[in-house]
Visitor: 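Okay, handing you the structure first.
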Protein chains: 2
Amino acid sequence: MTNPTANPTANPTTNPMTAPRTSRQARADALRNRRLLLGAAADVFAEYGTEASVTQIAQRAGIGKGTVFRHFPTKEDLLAAIVGELLDALVDTGVALSDADDPEAALLAFMTAGVELQVKDRAFCEVVGRPSLRHPDVQAGIERLCEVAETLTDRARRQGTVRQDITGRDIVLLVGGVHQTAAPAMDADPELWRRYLGLVFDGIRAVTAAPLAHPAPDHMRLG
Amino acid sequence: MTNPTANPTANPTTNPMTAPRTSRQARADALRNRRLLLGAAADVFAEYGTEASVTQIAQRAGIGKGTVFRHFPTKEDLLAAIVGELLDALVDTGVALSDADDPEAALLAFMTAGVELQVKDRAFCEVVGRPSLRHPDVQAGIERLCEVAETLTDRARRQGTVRQDITGRDIVLLVGGVHQTAAPAMDADPELWRRYLGLVFDGIRAVTAAPLAHPAPDHMRLG
DNA sequence: AACAAACCGGACCGGTCGGTCAGGTTCAAC
DNA sequence: GTTGAACCTGACCGACCGGTCCGGTTTGTT
């Protein structure tokens, strides 16, 4: 959906990654600036989080601030495009793990990849970890993430290596939670999240434990 | 330390909760406004988080913005006073649980109280969950929290109901992490954190699991 | 009652933010 | 080469922030 090489016939008003106009070909300088913008935005959002200013992104890209708003009507649209790509990449990782030999190891690898992405990218973990950004692209990406997580979880459940009462949504939420658990102490130990991922995964593997008293979530946002 | 009824001979420059002047008695209106301010700040920070504006707090208290800065030189000092009180209350809860009959249940009750506080108070969980606010009062409060958590953990460890490689700092970090895990879906289910507290506690109780590969944190902030 | 110190409050300051727009520039079609 | 639409830019706008300041008010004391 947010793949920059996607079908150019897609609706340009809902997909700013494709050609912005349907009639004429996009101009060469416009495409060049768009690439510069997306690269700079990815870097700056990753390093400074969602509160990075548009001015800062424009400077990093070497373009004017007005050009940013020409390509994306609001800052949130730009942010959603960046985070959407990251979500897509993580979904792809999950899909690739869906037919691995060891379902338990595959689920752990998926969670590891998720936490690593959050560690690397401040904006990603801020957007995924809070119900603030209601952008449809992001919502859809998270939904796809839950689906692939459910696939991975289901295989491990059938194998009997993880408890029966864990869902794909649990996994997605726990990936965010593991990162947040370690976050306050990550300056002192950048790999601390591995400790809590191990602990949480022991909880996920506790097949002999009593079922969790509280039911699983059925949807992740809105009320 | 941040108890409003604490010893009035404490250094007023480091403890804004006590009388602001050593020589004369504080004026009646000043004390009244201070109480209004602290109450309003607690409410507004709890509801809107650390980004609540000083103007908003002053309006809720029914006082002028200048009066806020008369009592606390910066917004961060006010925030630290509020959060410090909450930390003290949680430490007291932990101390009260330190001689309970069932160490395992006591540790779980402590964690439950911690998550409940985070659910109720946005500012509290923002300050505890991020290494941003370096205010000494807050740092000291977190340190005391880790100590009482270590006491509770140690009793449960000796009893053999929790794994040997869990520390008090782990517990404090996990309390924050459990809340953050459920946070994205708490609009739909405000009690969802109970599910993940149960799951994490199963991990903590996994006495037969292999020891965690990554070592425990030895300090929580700075680098 | 009279006084001075303490206190109050909101206009004000400098700074930052997301977003707009007029005017100059560049590209591509012919 | 000419032309005009698409594009680029950075000065600018209004809103909001934390924090300051001083004229006016309140308070406790004498």
Side-chain angles (χ1 to χ4, degrees), chain A residues 12-13 16 18-38 40-41 44-45 48-82 123 126-127 132-135, chain B residues 12-13 16 18-38 40-41 44-45 48-82 123 126-127 132-135:
Chain A
T13 64
T18 57
R21 288 286 174 268
T22 47
S23 55
R24 212 180 273 248
Q25 270 288 9
R27 267 170 50 168
D29 55 346
L31 249 81
R32 188 179 56 91
N33 280 343
R34 170 173 285 260
R35 265 189 291 264
L36 289 172
L37 168 57
L38 287 171
V44 172
F45 278 139
Y48 298 97
T50 61
E51 301 203 345
S53 75
V54 175
T55 304
Q56 188 180 0
I57 292 168
Q59 281 173 347
R60 172 90 59 121
I63 63 178
K65 194 166 84 166
T67 307
V68 175
F69 288 102
R70 164 171 304 274
H71 288 282
F72 295 91
T74 71
K75 178 188 172 183
E76 281 212 343
D77 289 319
L78 172 57
L79 180 59
I82 300 295
E126 284 175 31
V127 168
S132 50
L133 187 57
R134 305 226 190 248
H135 199 287
Chain B
T13 64
T18 56
R21 287 287 174 268
T22 47
S23 55
R24 211 180 275 246
Q25 269 290 11
R27 265 169 52 166
D29 56 343
L31 249 80
R32 187 179 57 90
N33 279 343
R34 170 172 283 260
R35 264 189 291 266
L36 289 172
L37 168 57
L38 287 171
V44 173
F45 278 139
Y48 298 97
T50 61
E51 301 203 344
S53 76
V54 175
T55 303
Q56 189 180 0
I57 292 168
Q59 281 173 349
R60 172 89 58 121
I63 63 180
K65 197 166 82 165
T67 306
V68 175
F69 287 102
R70 164 173 304 274
H71 288 282
F72 295 90
T74 71
K75 178 188 171 181
E76 281 213 342
D77 289 319
L78 173 57
L79 179 59
I82 300 295
E126 285 176 31
V127 167
S132 50
L133 186 57
R134 304 226 190 252
H135 198 287

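The chains referred to below are lettered A, B, ... by the order of the sequence lines, with proteins before strands, and numbering in each begins at 1.
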Visitor: Ignoring the backbone of B/Arg27, work out which of C/dC7, D/dC8, C/dG19 is nearest its side chain.
Guide: C/dC7
Visitor: In chain order, what residues pass the side chain to side chain donor-acceptor pair (under 3.5 Å) check against A/Arg32, with sequence neighbours excluded?
Guide: none
Visitor: When rounded to the nearest 0.5 angstrom, what distance separates CG in A/Asp29 from CG in A/Leu36?
Guide: 11.0 Å
Visitor: For B/Gly49, does its backbone N or O pair with a side-chain atom of B/Glu126 as donor and acceptor, under 3.5 Å?
Guide: no
Visitor: Quick one: do B/His71 and B/Asn33 satisfy side-chain hydrogen bond (donor to acceptor under 3.5 Å, both in side chains)? Show the steps, please.
Guide: CA-CA 9 Å; B/His71 288 282; B/Asn33 279 343; 5.6 Å; no
Visitor: For atom CD of B/Gln56, decide whether the heavy atoms of other residues, nucleotides or ligands shown that lie under 6.0 angstrom number more than 12.
Guide: yes
Visitor: Please give, in whole Å, the distance from C/dC8 C1' to B/Phe72 CZ?
Guide: 16 Å
Visitor: Scan B/Ala58 against the nucleic acid and name what it touches under 4.0 Å (heavy atoms): base, sugar-phosphate only, or nothing.
Guide: nothing
Visitor: What is the distance, rounded to the nearest whole Å, between atom CG of A/Leu78 and atom P of C/dG19?
Guide: 10 Å
Visitor: Tell me: CG of A/Leu31 to P of C/dC27, nearest whole Å?
Guide: 13 Å
Visitor: Under 3.5 Å, is there a donor-acceptor pair between the side chain of A/Lys75 and the main chain of A/Ala52?
Guide: yes
Visitor: Within the 4.0 Å heavy-atom criterion, would you say A/Ala52 contacts the bases, only the backbone, or no part of the nucleic acid?
Guide: sugar-phosphate
Visitor: Roughly how many Å is it from CZ in A/Phe69 to C1' in D/dC13, rounded to a whole number?
Guide: 13 Å
Visitor: Please pick, from C/dG18, D/dC7, D/dG28, the nucleotide with the shortest atom-to-atom distance to any side-chain atom of A/Lys75.
Guide: C/dG18
Visitor: Which nucleotides of nucleotides 9-16 of chain C have their base under 4.0 Å from a protein heavy atom (B), which only their sugar-phosphate (S), and which neither (-), written as one string 5' to 3'?
Guide: BB------
Visitor: Toward the 5' end of DNA chain D, which comes first, B/Thr50 or B/Arg32, by nearest nucleotide?
Guide: B/Thr50
Visitor: Calculate the interatomic distance between A/Asp29 atom CG and D/dA5 atom P; express it in whole Å.
Guide: 17 Å
Visitor: For the atom pair CD1 (B/Ile57) and OH (B/Tyr48), what is the distance rounded to the nearest 0.5 Å?
Guide: 11.5 Å
Visitor: CD of B/Gln56 versus P of D/dA15: gap in Å, rounded?
Guide: 18 Å
Visitor: Whole-Å distance between D/dC8 C1' and A/Leu36 CG?
Guide: 13 Å
Visitor: Are B/His71 and C/dC8 close enough that a side-chain N or O sits under 4.0 Å from OP1 or OP2?
Guide: yes
